[in-house]
Amino acid sequence: MAVDYQSLAVKGVQALSPYQPGKPIEELARELGLNPAEIIKLASNENPLGPSEKALAAAREALSELCLYPDGNGFDLKQALSERFGMGMNQITLGNGSNDVLEVIARCFADADSEVVFSQYAFAVYPLVTQAIGAKGVSVPAKDWGHDLDAMADAVTERTRLVFVANPNNPTGTVHTADAIESFLAKIPEDVLVVLDEAYCEYLTGTEYPDGLELLERFPNLIVCRTFSKAWGLAALRVGYSISSPAIADILNRVRQPFNVDTVALAAATAVLGDEDYLNRSREVNAEGLKQLADGFDRMGLPYIPSAGNFIAMEVGEQALAIYHALLEHGVIVRPIAGYGMPEHLRVSVGLAKENERFLDALAEALSAAGEGG
């Protein structure tokens, strides 16, 4: 008699659907018989500059140690982060990407008797990890495509253990000011942890935006999560981290898997922290690209959500999926976000200027064809 293995899984996992990443270049090339070298991928919010030369050099040097386990405590990277941000090494938790840290936080502080609060249109991992551990997810309706912080504070109950806030938010690109974040944190009980996901914080400029690390001393229930996958250009190596109070970090590091960040990743991340020129160039290219894309949408009369990240979500209507597939035919990969409850939007990552222009040209053709077909 065949065993129904799905029924053996815990209830939260039984109802999960796998996370859907952006389509890989190689997969599209196989499907449509395209030349991989002629495909551009603007689907996963990756850094279009390629990796830092300092990171590459450090990674190559680390290859000679592939037969050895990594430093399980990540001493050099923690030390570099500590020096850069003025935080204690005992406040840092390293992860295999920031997703890993988000999952560890959920596993440490929530269970089947708990509630976890997050926003509508927020990062898909928040509800995913909540459901996986059997906790109750409380999705708060968005306001102007972004977090309604007042409503999220009101949604906190005696059962709430975690609140996830993304600033800037993915996939909408919305962002809150420092005053708004501080006002929100002041409303949250001290025994409820707030996870401030700052995966795109390096793209923010201006004193009106918060630096979550500056809030840690005043709000000991705060955990700030960041990543090396975006502005630092190390998406393939999967390096993320959180900074929190030493007491919270101690709990997280009890559950964090040993050797969860590999030797090459540790070396590259440590090196890139010292490459300020690379970071500044990443910011410049992103700012120029955001303007280029927004100007293109304006010319087409296409609605879009102003973004503080390295991507823009644009509204293309009921034929969003058809337009997505039309772009694939042009060798341009963007991201459909119907899974986020935004079926009439597509999200495009900022590329190099020539990539952005090619996308805009392909989008104009796809929109024209969709209009003629309609």
Side-chain angles (χ1 to χ4, degrees), residues 21-26 28 36-37 39-60 62 77 80-81 84 94-101 123 125 166-173 175 197-205 209 225-241 261-262 264-294 307-313 332-335 347-360:
K23 183 181 286 291
I25 288 174
E26 295 76 10
L28 179 61
I39 296 173
I40 59 171
K41 182 186 177 190
L42 302 176
S44 300
N45 304 343
E46 296 151 334
N47 193 320
L49 290 178
S52 151
E53 287 299 324
K54 289 185 178 181
L56 282 174
R60 292 189 188 102
L77 178 54
L81 289 167
R84 182 177 182 88
L94 300 180
N96 186 236
S98 58
N99 286 13
D100 184 31
V101 181
F123 188 33
V125 167
N167 203 54
N169 181 52
N170 172 34
T172 62
V175 66
D197 186 349
E198 294 189 328
Y200 299 91
C201 67
E202 287 86 4
Y203 293 113
L204 295 177
T205 57
Y209 296 118
C225 290
R226 293 183 177 178
T227 182
F228 284 88
S229 296
K230 311 304 180 185
W232 295 109
L234 296 179
L237 291 180
R238 312 304 302 125
V239 192
Y241 60 96
V261 184
D262 69 67
V264 176
L266 288 170
T270 303
V272 80
L273 274 178
D275 197 343
E276 210 66 36
D277 290 341
Y278 176 82
L279 180 60
N280 289 334
R281 182 61 180 149
S282 294
R283 289 170 171 155
E284 291 170 4
V285 168
N286 190 64
E288 293 165 0
L290 284 175
K291 184 178 186 306
Q292 182 183 9
L293 292 170
S307 175
N310 65 340
F311 55 87
I312 301 184
V332 178
I333 308 173
V334 298
R335 184 71 178 271
R347 191 194 68 194
V348 59
S349 305
V350 174
L352 299 175
K354 61 182 180 181
E355 295 172 328
N356 299 332
E357 196 60 38
R358 182 174 158 194
F359 156 71
L360 290 170

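The structure presented is a predicted model; accordingly, all values stated were derived computationally and were not measured.
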N170 versus R347, side-chain donor and acceptor atoms under 3.5 Å: yes
Nearest-0.5 Å distance that lies between atom CG in L293 and atom CD in E355: 11.0 Å
Nearest non-hydrogen partners of I25 and I39, listed with the distance: O-CD1, 3.7 Å
R281 and E284 ion-paired at < 4.0 Å: yes
Test item: R335 side-chain N/O and S44 main-chain N/O as donor-acceptor pair under 3.5 Å: no
Side-chain donor/acceptor of S98 to backbone N/O of T227, under 3.5 Å: no
Flag side-chain contact, heavy atom, 4.5 Å: V101 against Y241: no
Euclidean distance, K41 NZ relative to E26 CD, rounded to 0.5 Å: 8.5 Å
Side-chain donor-acceptor contact under 3.5 Å, N286 with Y200: no
Atom pair CG/CG of L49 and L279 - distance to nearest 0.5 Å: 10.5 Å
Nearest heavy-atom neighbours spanning L204 and P168: CD2-CG, 3.8 Å
Nearest heavy atoms of F228 and L273, plus distance in Å: CE2-CG, 3.8 Å
N310 side chain to N45 backbone, donor-acceptor under 3.5 Å: yes
Distance-minimising heavy-atom pair for E202 and W232: OE2-NE1, 3.2 Å
Heavy-atom donor-acceptor pair, E288 side chain to A353 backbone, under 3.5 Å: no
Side-chain donor/acceptor of N167 to backbone N/O of E198, under 3.5 Å: no
Close side-chain approach of L266 to L94, heavy-atom, < 4.5 Å: yes
CG on N96 to CG on L237, rounded to 0.5 Å: 10.0 Å
Least distance between heavy atoms, A55 atom then V272 atom: CB-CB, 4.2 Å
Gap between atom OG of S282 and atom NZ of K230 - 0.5 Å precision: 13.0 Å
For G233 against N47, the heavy-atom pair lying closest together: CA-CB, 3.8 Å
Side chain proximity check, L77 to L81, heavy atoms < 4.5 angstrom: yes
Spacing of CZ belonging to F311 relative to OH belonging to Y203, to within rounding of 0.5 Å: 10.0 Å
Heavy-atom side-chain contact between R226 and C201 under 4.5 Å: yes
